[in-house]
Amino acid sequence: MIDLPAPKPDVMARREELLAGLRALLPGDGVITEPARVKPYETDGLSAYRQPPLAVALPRTTEEVAAILRFCHRNGVRVVPRGAGTSLSGGALPLADSVVLGLMRMNRILEVDYANRLAVVEAGVTNLGITNHIAADGFFYAPDPSSQLACMIGGNVGMNSGGAHCLKYGVTANNLLGLKAVTIEGEIVELGGRHLDAAGYDWLGLMTGSEGQLAVVTEVTVRILHAPEGQRAMLAAFKGTEIAGAAVDAIIGSGIIPVALEFMDRPCIHACEAFAHAGYPLDAEAMLIIEVEGSVEEQDMLLGKLKEICSRFDPISLKVAQTVEESLAIWKGRKGAFGAVGRISPDYLCMDGTIPTGELPHVLRRIGEMSADYGLQVANVFHAGDGNLHPLIMFDANDAESFRKAEAFGADILKLCVEVGGCLTGEHGVGVEKRDLMPVQFSPFELDQMRALKSAFDPQWLLNPAKVFPLEGNPVLRQAA
Amino acid sequence: MTSLIAPGDEAGVAAAVAEAAAAGEPLAIEGRGTKRAMLRPVQAARTLSLRNLSGITLYRPQELILSARAGTPLAEIEAALAERGQQVVAEPPVLAAIFGAGEGPTIGGLVATNLSGPRRITAGAMRDHVMGIRAVNGLGEAFHNGGRVLKNVTGLDLCKLLTGAHGTLGVITEVTLKVLPAAERSGTLAIAVPDLETGVRALSAGLGSPYGVSGAALLAGEVPRALLRIEEFSESVAYRLGRLREALGRFGDATVIEDDESRALWRGIGEAEPLDARPEDAVWRVSVQPTAGPGVVAAAGLPRALLDWGGGLVWLAGPATAEAHGRVMEAARAVGGSFTLFRAPEPMRAALPVLPEEGKVLAAIRGRIRAVMDPKGILNPGKMYTA
Ligand SMILES: Cc1cc2nc3c(=O)[nH]c(=O)nc-3n(C[C@H](O)[C@H](O)[C@H](O)COP(=O)(O)OP(=O)(O)OC[C@H]3O[C@@H](n4cnc5c(N)ncnc54)[C@H](O)[C@@H]3O)c2cc1C
Ligand SMILES: Cc1cc2nc3c(=O)[nH]c(=O)nc-3n(C[C@H](O)[C@H](O)[C@H](O)COP(=O)(O)OP(=O)(O)OC[C@H]3O[C@@H](n4cnc5c(N)ncnc54)[C@H](O)[C@@H]3O)c2cc1C
């Protein structure tokens with residue numbers, strides 16, 4: 001279990017007065033305090049942790065965000081920024097003495113500019129909402145987290161989210177031009193703009209993935225792209241994870257960077273097949289889904305090359321989609337992976353380490369051993385092109401011991417990722433989930449230096465405190481823990 | 001004359017910085033000094049050079065990862081990558097036409113300046129491909145950030161903060177880059193357009209097509225030429241140039257420039273050679289939204305211009321005067337863009353803002369960030385801003 005700092009006694013004691021102050025700033029129904037309506041905000045995608053906040057504030061404009069932050073700053077009230085609350089690392093988990101600052105009512109698309117290939121949207125617009133808005137004109141917003149129906153662009157900036165296609169198109173940080181953000185003092189700042197690579201410090205880069213630690217994002221200028229002429233997938237199944245790993249090496253070595261290169265291990269193949277009946281080979285130890293883009297002739301050319309490469313690795317099955325429908329069928333199982341695992345086990349933890357891709361066979365072997373030791377099942381999905389590994393650890397939430405074991409198992413996997421040269425999180429963020437593992441990857445000095453940079457934006461640690469950085473050694477929060 | 005310190009390892013760099021911090025003596029940081037003349041002159045009795053901290057430390061072509069010590073020449077890295085058919089994604093320029101050939105830039109210098117070439121527009125900037133960094137802060141303390149994997153969101157992203165910070169937040173000792181396969185073939189569609197505005201419209205149409213245009217430049221002149229590059233497998237280059245030609249023929253007469261000639265053309269554009277800057281010229285690099293590019297050229301009223309990045313990167317050259325500088329700054333400001341006074345005589349760089357001034361709030365945060373990373377203010381003081 002993860003410690004959270006004790007609520008500030010003065011804030012708790014002044015609760016009614018503070019709520020009245022907030023209500024004055026957001027007339028109407030902008031401040032929510034009734035327990036039944038606060039309930040949905042008590043947790044995020046890491047649902048094992050719940051905590052009702054002091055209140056939920058739902059501003060509609062940047063000026064309202066600024067007013068709330070100014071008020072909270074003046075009164076020493078902690079603030080937890082929140083988009084859709086799909087964070088899998090507990091990044092949006094409230095604290096008892098905090099105001100949850102929900103951006104979901106700031107959901108307008110302000111501008112689309114095709115000539116300059118950008119869109120200006122408010123932070124509460126969903127990821128898929130951007131693409132849906134421009135799809136009829138042939139355009140899309142590239143980063144596509146699996147949660148894209150729900151998650152919001154502000155949350156994507158908070159976590160620097162990736163997606164299945166980020167091998168080709170990059171993650172959130174690579175697809176932004178500008179941000180409008182509000183500091184904890186309530187000052188509105190513009191970072192970047194409508195152009196590339198503004199001279200000066202890279203504020204945009206520092207903000208992206210900062211998990212609500214530095215400022216609250218209210219508007220985002222994203223780059224948009226024209227969709228390719230088409231895309232098609234193939235499936236290749238192999239007798240061993242080493243063999244599949246070698247096939248991935250050969251693909252990258254050939255100079256082809258597919259738009260997606262997804263790897264599933266045996267437990268994952270079985271779970272997905274039982275759920276989706278996608279026709280996955282059940283005798284395989286590992287399976288790849290490979291997707292290419294371009295005109296039909298270009299797809300044929302690339303898929304032909306890929307088929308030839310895969311056939312050198314004694315595949316159990318090689319299936320190249322001939323039509324869009326066949327392509328969707330290949331993806332069907334993978335896209336349902338979380339739901340499929342959810343059917344085997346009502347509760348699972350979705351881990352998110354990154355490893356050097358060459359370490360995959362070794363890491364999967366070690367995860368298999370740990371799975372036996374802990375007595376918990378695990379299924380692995382892997383973005384094979386970029387090394388991002390998602391083990392899904394199955395447990396029983398009604399059994400405290402099972403949950404404790406699942407957390408310990410997850411921590412062991414992440415330590416293994418760091419040990420082989422990788423990192424604790426590839427796209428889900430540190431949040432509370434991996435906070436106490438940070439010393440595995442960073443020295444005490446490195447953590448202090450990062451904490452000092454947070455203090456440069458937020459000296460009192462009011463913005464999403466108790467996330468990302470261990471409480472131990474924290475100059476501001478330590479006494480409160 | 002300044003004295004030169006050139007340590008051979010990170011511990012040496014840390015010791016040199018710690019010593020300077022203790023003495024409160026500023027250090028000028030350089031790779032091989034090819035961009036010494038960039039931004040504002042640094043007043044420092046001593047120069048810390050990374051030239052002896054050289055060599056590739058890790059290269060895994062299948063993992064698309066390369067690490068090198070900061071003083072490694074770009075040329076050495078490009079040669080190692082070329083052997084395995086790969087390349088530095090952001091196409092960083094050497095800028096010999098602007099700064100002189102010298103020994104060529106170092107990878108640390110390129111990261112510190114975040115310089116990217118034509119491919120930036122589709123494949124990302126230098127900063128998008130810095131996966132990991134080792135550096136020494138202004139107290140001589142070594143640290144790392146990021147790592148040697150392609151996806152990493154663990155903690156604050158100091159790789160991006162240090163990239164483009166021109167050595168003012170830390171001395172970079174090692175960088176890890178994401179690299180990618182070099183395309184089998186390059187090809188370019190050249191369209192003769194009546195004016196710059198039409199040229200940018202042609203580039204926008206190309207960049208807004210499904211064909212993956214990886215370079216989009218506009219050469220000024222009597223008859224401006226809009227250039228659109230495709231880098232792909234051979235079959236795709238032919239196909240996509242054909243489709244672009246159909247789609248963009250309405251903007252002017254189009255011709256195709258084949259493989260080797262196309263590669264040379266774009267190397268030159270990255271180096272800003274078509275700008276044709278005279279030795280006595282000042283050089284500016286302005287970044288704006290692409291459709292604003294021609295307006296910036298007009299408003300600056302300078303004799304020489306080159307547009308890249310679909311029209312959004314405007315290179316300008318002309319008289320090294322405060323008056324010309326004022327026009328460039330105003331042209332960029334008017335459309336919400338950014339500028340760098342890229343090359344100019346030292347007194348001009350010392351007297352004028354070389355980058356846009358930030359607002360009060362950001363300037364205050366910048367000051368606090370400097371106080372964390374370089375509390376004694378000894379790393380390249382004054383390089384970017386006066387305060
Ligand atoms: C089923 C499922 C699948 C997922 N798949 C992926 C995936 O493929 N790739 C991936 O990267 N992630 C994935 N995620 C994780 C999650 O969806 C992402 O992290 C997402 O970006 C979070 O967005 P959100 O709007 O839900 O943000 P929240 O969960 O509300 O917040 C996320 C973090 O950002 C901060 N934040 C939110 N809004 C702002 C703001 N406006 N200003 C400043 N800080 C802010 C919060 O404080 C918090 O720290 C998945 C999650 C689920 C549940
Ligand atoms: C006259 C001139 C003006 C230029 N103006 C600009 C410009 O305005 N904007 C731009 O983006 N590019 C500019 N460039 C290009 C750029 O500076 C170089 O292409 C390249 O970055 C220099 O490589 P180098 O190894 O020679 O670096 P150097 O010229 O030695 O250093 C370049 C900059 O990076 C810093 N630096 C070098 N190595 C390190 C390190 N290891 N750690 C931390 N900091 C380091 C230096 O202090 C200096 O500020 C200019 C180049 C020249 C010659």
Side-chain angles (χ1 to χ4, degrees), chain A residues 114-117 159-160 162 170-171 174 183 187 189 193-202 205-206 208-210 226-229 249 252-253 255 257 294-295 298 301 354-358 386-388 421-427 429-430 438 441-442 445-446 449-450 452-453 456-457 468, chain B residues 60-64 85 114 116 120-121 124-125 127-128 137 141 143-144 147-157 160-161 163-165 180-181 184 204 207-210 233 235-236 239 287-291 309 312 336-340 355-356 358-359 361-362 365-366 368-369 372 384:
Chain A
Y114 291 121
N116 289 305
R117 298 165 301 284
M159 290 309 192
N160 192 12
V171 295
N174 314 119
T183 67
E187 301 278 2
V189 292
R194 298 163 70 93
H195 52 287
L196 296 167
D197 303 340
Y201 289 169
D202 184 6
L206 183 62
T208 310
S210 64
H226 195 287
E229 287 185 273
D249 278 1
I252 303 284
I257 299 293
S295 66
E298 288 176 310
M301 181 260 298
T354 309
I355 56 173
T357 51
D386 57 33
N388 195 189
C423 65
L424 293 172
T425 172
E427 59 183 16
V430 177
M438 287 290 272
Q441 194 173 322
F442 296 103
F445 160 69
E446 288 168 337
Q449 182 170 269
M450 274 195 251
L453 289 170
F457 287 81
V468 186
Chain B
R60 294 280 161 77
Q62 279 84 356
E63 293 176 0
L64 305 175
N114 187 28
S116 318
R120 193 280 171 249
I121 194 158
R127 56 86 110 162
D128 292 302
N137 72 12
E141 298 162 317
F143 63 95
H144 90 291
R148 50 145 301 190
V149 287
L150 299 183
K151 254 169 109 186
N152 187 345
V153 296
T154 323
L156 297 179
D157 193 342
K160 293 213 173 59
L161 184 61
T163 302
L180 282 176
E184 189 175 280
S204 287
L207 287 163
S209 78
F233 287 104
E235 300 92 318
S236 287
Y239 165 73
S287 182
V288 294
Q289 59 174 335
T291 51
W309 297 357
S338 176
F339 70 89
T340 311
L355 320 166
E358 285 166 331
V361 177
L362 285 183
I365 296 173
R366 168 161 53 77
R368 294 200 290 271
I369 288 177
V372 172
M384 299 175 75

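Sequence lines set the chain letters: A, B, ... in the order given, protein chains first and strands last, and positions in each chain run from 1.
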Peer 1: What do the steps show when you test A:Val171 against B:Val153 for side chain to side chain contact (heavy atoms under 4.5 Å, CB included), and what is the final call?
Peer 2: CA-CA 10 Å; A:Val171 295; B:Val153 296; over 6 Å; no
Peer 1: Is B:Glu235 in contact with chain A via its backbone, its side chain, both, or neither, using a 4.5 Å heavy-atom distance?
Peer 2: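 Looking at B:Glu235, just its side chain touches chain A.
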Peer 1: By a 4.5 Å heavy-atom criterion (distance strictly below it), what part of B:Ile121 contacts chain A: side chain, backbone, both, or neither?
Peer 2: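 Contact with chain A is through both the backbone and side chain of B:Ile121.
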Peer 1: Answer with side chain, backbone, both or neither: which region of A:Glu187 has an atom nearer than 4.5 Å to a non-hydrogen atom of chain B?
Peer 2: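 When you check distances to chain B, only side chain atoms of A:Glu187 fall under 4.5 Å.
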Peer 1: Just so I know, are the side chains of A:Tyr201 and B:Met384 near enough to count as touching, which here means a heavy-atom distance under 4.5 Å?
Peer 2: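 SC-SC contact between A:Tyr201 and B:Met384 confirmed.
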Peer 1: With only heavy atoms counted, which part of A:Glu446 is less than 4.5 Å from chain B, the side chain, the backbone, both or neither?
Peer 2: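 Looking at A:Glu446, just its side chain touches chain B.
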Peer 1: Rounded to the nearest 0.5 Å, what's the gap from CZ on A:Arg117 to CG on B:Leu207? Could you check?
Peer 2: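 It comes to 4.0 Å.
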Peer 1: Counting only heavy atoms closer than 4.5 Å, note whether A:Met301 contacts chain B via side chain, backbone, both or neither.
Peer 2: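 A:Met301 touches chain B through side-chain heavy atoms alone.
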Peer 1: Given a strict heavy-atom distance threshold of 4.5 Å, which part of A:Ala227 is in contact with chain B: side chain, backbone, both, or neither?
Peer 2: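 Backbone only.
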Peer 1: Quick check on A:Tyr114 against chain B: is it the side chain, the backbone, both or neither that has a heavy atom closer than 4.5 Å?
Peer 2: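 No part of A:Tyr114 comes within 4.5 Å of chain B.
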Peer 1: What part of A:Leu196 lies closer than 4.5 angstrom to a heavy atom of chain B: side chain, backbone, both or neither?
Peer 2: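 The answer is both parts of A:Leu196.
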Peer 1: Tell me, for B:Phe339 versus chain A, whether the close heavy atoms (under 4.5 Å) come from the side chain, the backbone, both or neither.
Peer 2: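 Looking at B:Phe339, just its backbone touches chain A.
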Peer 1: Let me confirm one number: the CD1-CD distance from A:Ile252 to B:Gln62, rounded to the nearest 0.5 Å.
Peer 2: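 One gets 9.0 Å once the value is rounded to the nearest 0.5 Å.
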Peer 1: Could you tell me which of B:Pro290, B:Gly147, B:Ser287 has the largest number of non-hydrogen atom pairs under 4.5 Å with chain A?
Peer 2: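 Sorted descending by pairs with chain A, the first entry is B:Ser287.
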Peer 1: Answer with side chain, backbone, both or neither: which region of A:Asn388 has an atom nearer than 4.5 Å to a non-hydrogen atom of chain B?
Peer 2: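 The side chain, not the backbone.
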Peer 1: Check each atom of B:Ser209 against the heavy atoms of chain A and say whether the ones under 4.5 Å are side chain, backbone, both or neither.
Peer 2: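 For B:Ser209, backbone heavy atoms alone lie under 4.5 Å from chain A.
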Peer 1: So for A:Arg194, is it side chain, backbone, both, or neither that comes closer than 4.5 Å to the heavy atoms of chain B?
Peer 2: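 Both parts, backbone and side chain.
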